[in-house]
Amino acid sequence: MINHLITQKNWQTQLSEAITSVDELLSILELESLKARIYLPAYFELRVPRAFVAKMTIGDSDDPLLKQVLPDQQEQITVTGYVNDPLDENAHNPVKGLLHKYQSRVLLTITGACAIHCRYCFRQHFDYSANMPTASAQADIIDYITAHPEINEVILSGGDPLNVTNRRLFAWFDTLDAIPQLTTIRLHTRLPVVIPARLDDALLDRMAQSRCHIVMVIHCNHANEIDTLTLEYLQRARVAGITLLNQTVLLKGINDSVASQVALSQRLFAAGVLPYYLHILDKVAGAAHFDSDERSAIELYWRLLSELPGYLVPKLVRELPNRPFKVPIDIYNGV
Ligand SMILES: *Cc1c(COP(=O)(O)O)cnc(C)c1O
Ligand code: SF4
């Protein structure tokens, strides 16, 4: 029932009506008893849109979607090796708002805001306000790209790039479409999963008209995140000619079972999305309790290789500072 009421609203309304109160969230889910184990850091508050909450199961404290967003006391635990900037991104930041770490593509953080706050996020300590492209930085970004002819792809990221208005987003598309060396514009976004209505007609039309190929890499961790409505919107994006891929973070107790990963790949495929990356968690402070050890990840991966067709097996990778690509995990290690 909640589902029906919420998803009728336009995406901006859904965005502004996201739940930010622990009490309200637990009351909707009839899980008031969990209050005792909540810890809420001031730098990363609770945020979860109602359309995402509607995919959770009432009364289930182990719900795999709830566990991704519910602040937990374990975030306070300091664990050696888990740091604020695990990828040392500051080292690859030649222009405000632009990361150039991999040869042929650059990543632009066009907003610091996200529709949802994922507790395992590696950017939860990131100072976006100090690294947002201003109007003048936009010119610097264009200059940087033109001065580096090896760049052929721009990744719009954040935060969540679909968190900005169509007007601002289309201005970026216009700017990038006008740079001849670019062949591809990519978006890294969780919004199609969190507020599916974000994929509105105007956005799909504009992307369909782009000179560049449009690749949308969504971020979905569990099959339950793709309900019927989400599936329909994703299928429409595919009809609009957008290449759809998914990245997942391997999360202990949430999606680290064979059954969960197989169901996710199959559900993604039903929605027209191919699995791209399965990330080993970045070692960010406050998220150690989500990390599954590499040996278990490798064991899980062997099972996925045997149970799924090759095109539904994501690449198992870890991101490391100062490596020119996401590093494939050596699945023969210790076998
Ligand atoms: C992940 C990432 C990319 C894209 O890498 P692909 O392997 O092409 O998906 C580009 N730049 C940065 C900084 C990244 O973190
Ligand atoms: S949507 Fe992505 S960037 Fe935003 S909080 Fe979640 S993991 Fe972090």
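Both counts, for ligands and for their atoms, begin at 1 and track the order of listing. Counting from 1, the numbers follow the sequence of the chain as shown.
Screening N224, T230, D63 for a side chain to side chain donor-acceptor pair (under 3.5 Å) involving K55 leaves a single residue, T230. E17 pairs with exactly one of R47, R50, K9 by the salt bridge (Lys or Arg N to Asp or Glu O under 4.0 Å) rule, that one being K9.
In E153, neither the side chain nor the backbone holds a heavy atom less than 4.0 Å from any atom of ligand 1. With a heavy-atom cut-off of 4.0 Å, Y276 touches ligand 1 through its side chain alone. Of the heavy atoms in E319, only side-chain atoms (C-beta onward) come closer than 4.0 Å to ligand 1.
Interface of I155 with ligand 1, defined as ligand atoms under 4.0 Å from a residue heavy atom, comprises 3 (C), 4 (C), 10 (C). Heavy-atom contacts of R186 reach the following atoms of ligand 1: 4 (C), 6 (P), 8 (O), 9 (O) (cutoff under 4.0 Å).
Heavy atoms of other residues, nucleotides or ligands lying less than 6.0 angstrom from NZ of K315 number 12 at most. Shown here is R238, whose CZ atom has no more than 12 heavy atoms of other residues, nucleotides or ligands within 6.0 Å. Summarising the local packing, NE2 of H213 is surrounded by 12 or fewer heavy atoms from other residues, nucleotides or ligands at distances under 6.0 Å. Shown here is Q103, whose CD atom has no more than 12 heavy atoms of other residues, nucleotides or ligands within 6.0 Å.
The shortest contact between atom 14 (C) of ligand 1 and any protein heavy atom is with K326 NZ, 3.1 Å. In terms of protein heavy atoms, atom 12 (C) of ligand 1 is closest to L107 CD1, 3.7 Å.
Considering backbone and side-chain N/O atoms, H188 never comes within less than 3.5 Å of an N/O atom of ligand 1. Polar contact with ligand 1: present for Y277 (N/O pair, distance under 3.5 Å). At a 3.5 angstrom cut-off on N or O pairs, Y102 does not count as close to ligand 1.
The CZ atom of R190 lies 5.0 Å from the CD atom of Q68; values are rounded to the nearest 0.5 Å.
Side-chain atoms of N255 never come within 3.5 Å of backbone atoms of S260 as a donor-acceptor pair (strictly under, hydrogens ignored). The closest donor-acceptor contact from the side chain of R198 to the backbone of L162 lies under 3.5 Å.
With sequence neighbours excluded, the residues that form a side-chain hydrogen bond (donor to acceptor under 3.5 Å, both in side chains) with D291 are Y82, K283.
Within the protein, the N, O or S atoms lying under 2.8 Å from atom 4 (Fe) of ligand 2 are C114 SG.
Here R186 pairs with E153 in a salt bridge; the nearest charged N to carboxylate O distance falls below 4.0 Å.
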